Amino acid sequence: MKNYFLWPTVTVLLCAKVGAQQEQDSINTLQLEEVVVSDSRFQLKRENSGKTVVSISQKELEQNQGRTIAEIINTKSGIEINGTRSYAGQNLSTYVRGGNNRQVLVIIDGIQVSDPSGTSAEYDLRLLNTSQIESIEILKGAASTLYGNSAATAVINITTKEAKKEGLSMDVISSMGTNQSQDDQNYNISDFSNTVNFSAKNGKLTFLVSGGNQFTDGLSAAIGTEADALSRIDGNVKIGYQFSKRFNITASAFYNKLNSDYDNGFPIEDADFSFTSEQSRFGLASIYGYEKGSVHVNAAYNQIDRSFISSFPASYDSRSIVVDLFNKYTFAEKIYTIVGLNYIDNQTLFSEEQNSNTVDPYMNMVYIGDDGINLNAGVRLNNHSNYGSNFIFNINPSYRININSGYLKFMGSYATSYIAPNLSQLYGPFGANKDLNPEEDTTIEGGLEFKLSDKFTMNAVYFNRSEDDRIEYVTIDPNTFESQYRNSANTVHFNGVEVGFSSKPFKDFTLDANYTLTSSKEGLALRVPKNKANVSLGYSIGVKTYVALTYQYVSDRTDTDFATFSEVTLGSFSLANLQLKHDFSNRFGAFIAVDNILNEEYTELVDYTTKGRNLRLGFKMSL
């Protein structure tokens with residue numbers, strides 16, 4: 001596709017935009033008070049939360065149509081997802097408050113998801129299809145009392161779509177675009193994505209089935225000439241039935257398969273290597289309500305098969321069983337309590353089968369006072385099959401002062417977390433160490449949130465985090481490159497500041513910005529930026545057109561040059577993106593996105609390719 005193809009496309013959509021501007025907005029929009037769930041598991045007003053929970057609504061997801069879930073999350077304060085700016089199959093590393101993948105827990109529809117065979121046992125965000133997600137909440141800071149092992153720096157709480165409207169409905173979402181580097185602006189169409197969501201509701205019965213695929217080609221993983229392709233297929237089915245006003249149950253099944261080419265990592269060069277990950281998950285969720293309370297059961301079985309074809313071929317077969325049973329009860333509309341039991345069993349086949357399990361009773365309480373004093377506190381007894389019992393707790397007070405139609409809220413928290421070594425670190429093929437100790441984290445936070453009105457909100461949080469027995473991958477013999485997982489002998493400290501700002505200075509205009517400072521006296525880990533900032537300017541023209549310009553700044557980071565095994569400094573960079581969305585009718589809308597508008601050249605990982613200016617076009621059709 002030639003370079004000049006961009007301009008007619010923009011012209012057509014701009015004409016549609018001007019037409020929409022001339023239409024009068026005759027629809028009165030009801031502004032609902034924002035609620036958050038992840039920090040308490042209750043739907044509580046944001047003003048009563050002691051955390052700055054990041055919410056990503058369905059509206060925001062649709063405004064970012066064509067972008068991956070990892071790319072969208074990467075614009076939020078306190079979070080850096082390394083790999084989102086590289087070729088499509090690049091491994092993703094989620095850094096929150098100086099931490100790493102194993103300290104971030106992903107929850108999908110109330111179930112903890114992870115890969116017991118992975119080096120950090122993390123969930124692979126590349127498997128997610130944005131068009132199948134309803135909403136996301138991100139709870140930063142230690143949350144192990146509510147969510148268990150690995151919830152030390154953040155919880156990414158994802159809710160998938162379900163049938164809502166009576167009758168039959170179907171959405172078709174499709175897009176295509178370029179996938180090119182800074183120095184090869186050929187504008188060939190190399191990226192395709194399609195999703196179909198079909199839902200039905202008839203009284204008490206709901207049904208949803210969804211299927212999607214992605215194919216991306218054009219970029220080499222390592223800097224070179226050979227393109228490394230990625231393909232993904234995904235599908236899910238959700239069936240729900242409301243047996244009575246008190247009792248309902250939902251059964252679900254998810255399937256994802258990811259295939260990706262990749263290159264040799266040492267030495268870094270083009271290679272005909274490939275990776276396959278196939279995952280199946282079956283879930284069951286039920287709620288029984290009674291006066292002032294409800295009993296919840298969330299259960300799932302997850303099966304993951306991964307294989308690598310390379311100079312060192314490997315394959316892994318893992319499975320996990322998760323059951324979370326809890327009772328929610330409210331006293332006098334002021335005290336919200338949860339008492340629960342969480343069971344997780346993980347198993348992986350390495351050279352032989354290995355497994356571990358946890359059985360965790362937990363309690364949490366939220367008090368909301370009429371005088372503005374609120375308290376969120378919880379305890380959990382982690383019972384690990386290898387490491388015995390470990391007690392963790394959280395205390396999170398806040399104080400709210402009402403100011404006209406807004407508030408000023410002061411927040412603080414002290415929380416402990418527990419991260420047991422995963423099966424790969426204990427028994428895997430690379431650097432396993434059966435004598436590892438669990439990591440123990442302590443997090444202190446303090447901050448404020450000021451909401452002047454629906455048009456102005458800002459928050460600022462200071463965090464201080466320490467890690468004892470931090471698990472590191474250490475080179476034992478530099479001559480043979482033999483390495484092993486080991487516990488650090490020293491306590492590692494991290495501290496920083498997260499600032500967020502949201503404003504509607506003019507009608508139909510929004511301004512969102514955030515800044516994160518992360519530091520450590522022991523030195524930040526590889527690829528973790530000390531400073532990061534995001535700015536988003538959005539403008540709605542009538543009710544049908546939305547245009548947004550986003551900017552991201554990432555400061556210097558360190559990385560390892562494996563050609564010399566020395567540390568190098570990666571230069572800072574700034575990226576600007578443009579998104580234009582127009583609804584031609586209630587049933588059909590289209591978008592155009594241009595990423596890295598200025599075609600800035602930068603490095604995300606040493607000797608690996610990054611994305612240059614890229615164009616994407618797409619549509620959503622509802623039937």
Side-chain angles (χ1 to χ4, degrees), residues 68-71 73-74 79-96 99-106 113-128 150 154 156 179 214 216-217 219-224 227-232 256-279 304-316 318 422 424-425 428-431 471-473 483 485 525-529 554 557-562 570 602-611:
T68 67
I69 289 296
E71 288 174 324
I73 292 175
N74 199 31
I79 302 172
E80 164 64 14
I81 304 184
N82 184 269
T84 57
R85 312 170 189 93
S86 301
Y87 93 109
Q90 184 62 261
N91 293 328
L92 301 179
S93 298
T94 305
Y95 306 124
V96 181
N100 49 50
N101 282 355
R102 68 177 177 274
Q103 296 162 333
V104 177
L105 178 66
V106 177
V113 290
S114 64
D115 180 359
S117 70
T119 55
S120 294
E122 76 275 18
Y123 179 79
D124 190 346
L125 294 174
R126 295 175 299 178
L127 296 173
L128 294 172
S150 298
I156 300 175
N179 185 44
Q214 175 191 352
T216 305
D217 201 357
L219 281 181
S220 175
I223 295 176
D228 293 301
L230 173 140
S231 65
R232 188 199 71 225
N256 307 85
K257 186 174 183 179
L258 181 73
N259 293 288
S260 178
D261 298 334
Y262 68 100
D263 289 329
N264 196 17
F266 182 75
I268 296 178
E269 60 184 5
D270 279 332
D272 190 21
F273 296 165
S274 63
F275 158 76
T276 300
S277 175
E278 189 171 10
Q279 180 173 163
I304 302 176
D305 296 319
R306 296 190 302 136
S307 61
F308 298 83
I309 299 175
S310 68
S311 301
F312 301 94
S315 61
Y316 306 97
S318 66
N422 59 62
S424 181
Q425 293 169 336
F430 304 106
I471 298 175
E472 301 175 327
Y473 196 60
S483 301
Y485 289 103
L526 297 178
R527 303 167 191 154
V528 178
V554 178
R557 295 91 58 225
T558 59
D559 200 0
T560 299
D561 185 345
F562 286 99
L570 305 180
Y602 59 99
T603 301
E604 192 173 35
L605 297 90
V606 171
D607 292 328
Y608 280 82
T609 308
T610 51
K611 299 176 184 177

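All values below come from the heavy atoms of this structure, side chains included, with hydrogens, waters and symmetry mates left out. No experiment lies behind these values; they were computed from the predicted model shown.
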Full working for salt bridge (Lys or Arg N to Asp or Glu O under 4.0 Å) between E71 and K611: CA-CA 13 Å; E71 288 174 324; K611 299 176 184 177; 3.5 Å; yes
Rounded distance (nearest 0.5 Å) linking atom OH of Y95 with atom CG of N100: 8.0 Å
Nearest heavy-atom neighbours spanning N74 and I79: OD1-O, 3.7 Å
From R232 atom CZ to L128 atom CG, the distance as rounded to the nearest 0.5 Å: 8.0 Å
Mind listing the side-chain donor-acceptor pairs of residues 262-269 below 3.5 Å, one per line with the distance, residues two or more places apart or on another chain?
unit_1	atom_1	unit_2	atom_2	d
D263	OD1	A271	N	3.0
D263	OD2	S220	OG	3.2
D263	OD2	A221	N	3.4
D263	OD2	A222	N	2.9
N264	ND2	F266	O	3.4
N264	ND2	P267	O	3.2

Nearest-0.5 Å distance that lies between atom OG in S311 and atom CZ in F273: 3.5 Å
Heavy-atom check, side chain of S424 versus side chain of F430, under 4.5 Å: no
Closest non-hydrogen atom pair, I304 against S114: CD1-O, 3.6 Å
Smallest separation among heavy atoms of A227 and D261, with atom names: O-OD2, 4.4 Å
Partners meeting side chain to side chain donor-acceptor pair (under 3.5 Å) with S150 (sequence neighbours left out): none
Test: E80 and R85 ion pair at under 4.0 Å: yes
Validation row: L92, N82 side chains within 4.5 angstrom (heavy atoms): no
Residue pair D561 / D607, side-chain heavy-atom distance below 4.5 Å: yes
Test side-chain contact (heavy atoms from CB on, under 4.5 Å) applied to E122 - qualifying residues, sequence neighbours left out: N101, S120
Value rounded to 0.5 Å, distance of CG in L605 from CG in D559: 6.0 Å
Side chains of R527 and T558 in contact at under 4.5 Å (non-hydrogen atoms): no
Nearest heavy-atom neighbours spanning I471 and R102: O-NH2, 2.6 Å
D217 backbone acceptor or donor facing N179 side chain under 3.5 Å: yes
side-chain hydrogen bond (donor to acceptor under 3.5 Å, both in side chains) between E604 and T610, worked out: CA-CA 7 Å; E604 192 173 35; T610 51; over 6 Å; no
Atom of I223, atom of Y608 and distance for their closest heavy-atom approach: CG1-C, 3.8 Å
From N256 atom CG to D124 atom CG, the distance as rounded to the nearest 0.5 Å: 9.5 Å
side-chain contact (heavy atoms from CB on, under 4.5 Å) against P313, all qualifying residues, sequence neighbours excluded: none
Those residues that, when tested against N259, pass side-chain contact (heavy atoms from CB on, under 4.5 Å) (two or more places apart): S231, K257, T276
Check: T216/Q214 side-chain N/O donor and acceptor closer than 3.5 Å: yes
For S117, side-chain contact (heavy atoms from CB on, under 4.5 Å) partners two or more places apart: D115, R306, Y316, S318, T348
From CG (L125) to OG1 (T84), nearest 0.5 Å: 10.5 Å
Derivation of the side chain to side chain contact (heavy atoms under 4.5 Å, CB included) call for I73 and I156: CA-CA 9 Å; I73 292 175; I156 300 175; 3.9 Å; yes
Closest contact, heavy atoms only, A70 versus I81: O-CD1, 3.6 Å
Other residues, nucleotides, ligands: >12 heavy atoms within 6.0 Å of D272 CG: no
Pairwise side-chain contact, L219 with D228, heavy-atom cut-off 4.5 Å (strictly under): no
Residue pair L570, Y602: steps toward the side chain to side chain contact (heavy atoms under 4.5 Å, CB included) verdict: CA-CA 8 Å; L570 305 180; Y602 59 99; over 6 Å; no
Side-chain touch R126/T68, heavy atoms, less than 4.5 angstrom: no
Side chains of Y123 and V104 in contact at under 4.5 Å (non-hydrogen atoms): no
